[in-house]
Amino acid sequence: MRKKSNHIQLPLSDKIFRAVALVILAFIMAIIIYPIWFVLVASFTNPLEIYQNAFLFWPKEFNFESYKLVFKDQDFITGFVNSIFYTVVGTTLNVVMNICGAYPLSKRNFKGKSFFTIMFTFTMFFSGGLIPTYLVVDGLGMRNTIWAILIPSAVSMYNIIIMRTYFQSRIPLELEEAAKVDGCTNFRLLLSIVLPLSIPIIAVIALYYGVGRWNEYFSAMIYITDRKLYPLQLVLREILLQNQASDMMDIVADAGYSDRMMARLGLKYAVIVVSTVPIFVIYPLVQKFFAKGVMVGAIKG
């Protein structure tokens with residue numbers, strides 16, 4: 001006896017729609033991936049080949065001179081170390097401040113909860129602006145120090161709301177009441193029960209802050225003039241601007257000018273790759289927490 005197939009046959013219109021959708025998605029994916037691929041390939045390619053070929057899919061021969069120049073550049077090394085420091089210390093500060101703001105607001109019996117929530121939310125839509133912020137930073141003596149980068153962006157109300165909602169929806173009230181019956185204080189409750197159960201949202205929030213810290217250059221550009229404190233992204237910005245300025249010059253200063261320009265072209269792509277690698281390494285490690293962290297923190301409650 002012939003067995004019946006459980007496979008559902010799709011009508012022709014659905015098959016056509018699926019095929020068209022796949023083609024469109026493949027086209028969009030190619031548009032997104034190719035610039036990343038081009039930068040990666042260009043960093044391993046002879047700069048002269050980059051200049052001659054507008055579209056580059058694979059280098060004729062691998063060239064590592066651009067990476068040698070990157071790691072010989074003292075400004076790059078200093079910026080890389082500074083960015084690691086700003087990212088690690090800044091993200092730690094962000095997460096701690098985020099927890100300190102979200103946990104009290106998640107408590108149902110917290111007096112003034114509505115008032116503080118409204119006041120915090122107000123800052124999401126209204127602020128003093130760049131000039132008043134600069135005057136405050138300068139008045140506190142933080143200009144041209146690491147604190148000018150760490151303190152002004154120490155907390156985000158949007159992330160506080162996400163974490164607060166997670167605490168309210170994922171931490172059972174009965175568990176907190178049982179812990180208090182056993183003599184657990186609020187501080188001990190936070191450290192021993194709430195935080196271990198909140199690893200997904202903490203990982204997601206830390207990734208948000210970490211990516212922002214790593215890519216941040218505007219605060220350094222406004223508040224920092226000491227090159228020893230420059231983050232990597234500000235060094236990369238200078239390299240890109242210098243390259244653009246050189247492209248607009250019509251006068252060749254000397255015989256070695258063209259060689260220097262070619263070296264700078266390859267250097268630009270190598271710096272972009274090196275500055276992007278840490279985020280590409282960290283992102284897959286935290287991605288598994290996204291569904292548990294963001295979706296629950298943003299929708300439930």
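- Taking Ile33 as the reference, Met29 meet the side-chain contact (heavy atoms from CB on, under 4.5 Å) condition, with sequence neighbours excluded.
- Linking Ile, Leu, Val, Met, Phe, Trp and Tyr residues whenever their side-chain heavy atoms come within less than 4.5 Å leaves Ile36 and Leu25 in two separate clusters.
- The side chain to side chain donor-acceptor pair (under 3.5 Å) contacts involving residues 106-119 comprise Lys107-Glu176, where partners must be two or more places apart or lie in separate chains.
- In this structure, Ala179 and Leu189 approach most closely via the heavy-atom pair CB-CD1, 3.8 Å.
- Residues satisfying the side-chain contact (heavy atoms from CB on, under 4.5 Å) criterion with Ser153, sequence neighbours excluded, are Arg213, Glu216.
- The nearest pair of heavy atoms linking Ser156 to Asn98 is O-OD1, 3.7 Å.
- Listed by first then second residue, pairs satisfying salt bridge (Lys or Arg N to Asp or Glu O under 4.0 Å) with a partner in residues 118-139 read Asp138-Arg143, not counting sequence neighbours.
- Counting only distance, with no hydrogens or angles, the side chain of Asn82 and the backbone of Thr78 share a donor-acceptor pair below 3.5 Å.
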Go through the steps for Leu236 and Tyr217 under the test side chain to side chain contact (heavy atoms under 4.5 Å, CB included), then give the verdict. CA-CA 9 Å; Leu236 175 59; Tyr217 75 93; over 6 Å; no
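- Proximity of Leu150 to Met142: side-chain heavy atoms (C-beta onward) are nowhere separated by under 4.5 Å.
- In the hydrophobic cluster analysis, where Ile, Leu, Val, Met, Phe, Trp and Tyr join through side-chain heavy atoms closer than 4.5 angstrom, Val155 is grouped together with Phe218.
- The side-chain heavy atoms of Ile146 and Phe85, taken from C-beta on, include a pair separated by under 4.5 Å.
- Within 6.0 Å of atom CE in Met221, more than 12 heavy atoms from other residues, nucleotides or ligands are found, so the atom counts as buried in its surroundings.
- Contact detail for Thr133 and Gly129: the closest heavy-atom pair is OG1-O, 2.7 Å.
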Ile160 and Met97: CA distance, side-chain angles, deciding distance, side chain to side chain contact (heavy atoms under 4.5 Å, CB included) verdict: CA-CA 9 Å; Ile160 286 181; Met97 295 293 290; over 6 Å; no
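- Phe44 is linked by a ring pair (Phe, Tyr, Trp, His ring centres under 6.0 Å) to Phe64, Tyr67, counting only residues two or more places apart in sequence or in another chain.
- Taking the side-chain contact (heavy atoms from CB on, under 4.5 Å) definition, one finds that Thr276 meets it with Ile272, Phe280, sequence neighbours left out.
- Other residues, nucleotides and ligands contribute at most 12 non-hydrogen atoms within 6.0 Å of the CZ atom of Phe17.
- With sequence neighbours excluded, no residue forms a ring pair (Phe, Tyr, Trp, His ring centres under 6.0 Å) with Phe187.
- For the pair Thr91 (side chain) and Val88 (backbone), a donor-acceptor distance under 3.5 Å is absent.
- Of the possible polar contacts, none joining the Ser198 side chain to the Ile201 backbone as a donor-acceptor pair under 3.5 Å is found.
- Evaluation of the salt bridge (Lys or Arg N to Asp or Glu O under 4.0 Å) test over residues 25-34, restricted to residues two or more places apart or in two chains, returns none.
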Side-chain polar contacts of residues 228-235 - donor-acceptor pairs under 3.5 angstrom, sequence neighbours left out - could you list them?
from: Gln233; atom 1: NE2; to: Trp214; atom 2: O; distance (Å): 3.3

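- The only member of Leu195, Leu197, Leu191, Leu190 that meets side-chain contact (heavy atoms from CB on, under 4.5 Å) when paired with Ile193 is Leu197.
- Contact record, Gly101 with Pro104: O-CD, 3.7 Å, taken as the closest heavy-atom pair.
- In this structure, Ile131 places its CD1 atom where only 12 or fewer heavy-atom neighbours from other residues, nucleotides or ligands lie under 6.0 Å away.
- Between Phe76 and Val274, the shortest heavy-atom distance links the atoms CZ-CG1, 3.3 Å.
- Interatomic distance, OG of Ser83 versus CD1 of Ile149, reported as 8.5 Å (0.5 Å rounding).
- Between Ile99 and Val194, the closest side-chain pair of non-hydrogen atoms is not below 4.5 Å.
- Proximity of a side-chain donor or acceptor of Asp226 to a complementary backbone N or O of Asn144 within less than 3.5 Å is not detected.
- For residues 121-132, there are no salt bridge (Lys or Arg N to Asp or Glu O under 4.0 Å) pairs, not counting sequence neighbours.
- Annotation: side-chain contact (heavy atoms from CB on, under 4.5 Å) contacts of Met124 (sequence neighbours excluded): Thr121, Met157, Tyr158, Ile161.
- Ile16 and Ile24 fall within the same hydrophobic cluster, where Ile, Leu, Val, Met, Phe, Trp and Tyr residues are linked whenever their side-chain heavy atoms come under 4.5 Å apart, directly or through other members.
- Under the ring-ring contact (aromatic ring centres under 6.0 Å, His included) criterion, the residue pairs touching residues 130-155 are Tyr134-Tyr223, with sequence neighbours excluded.
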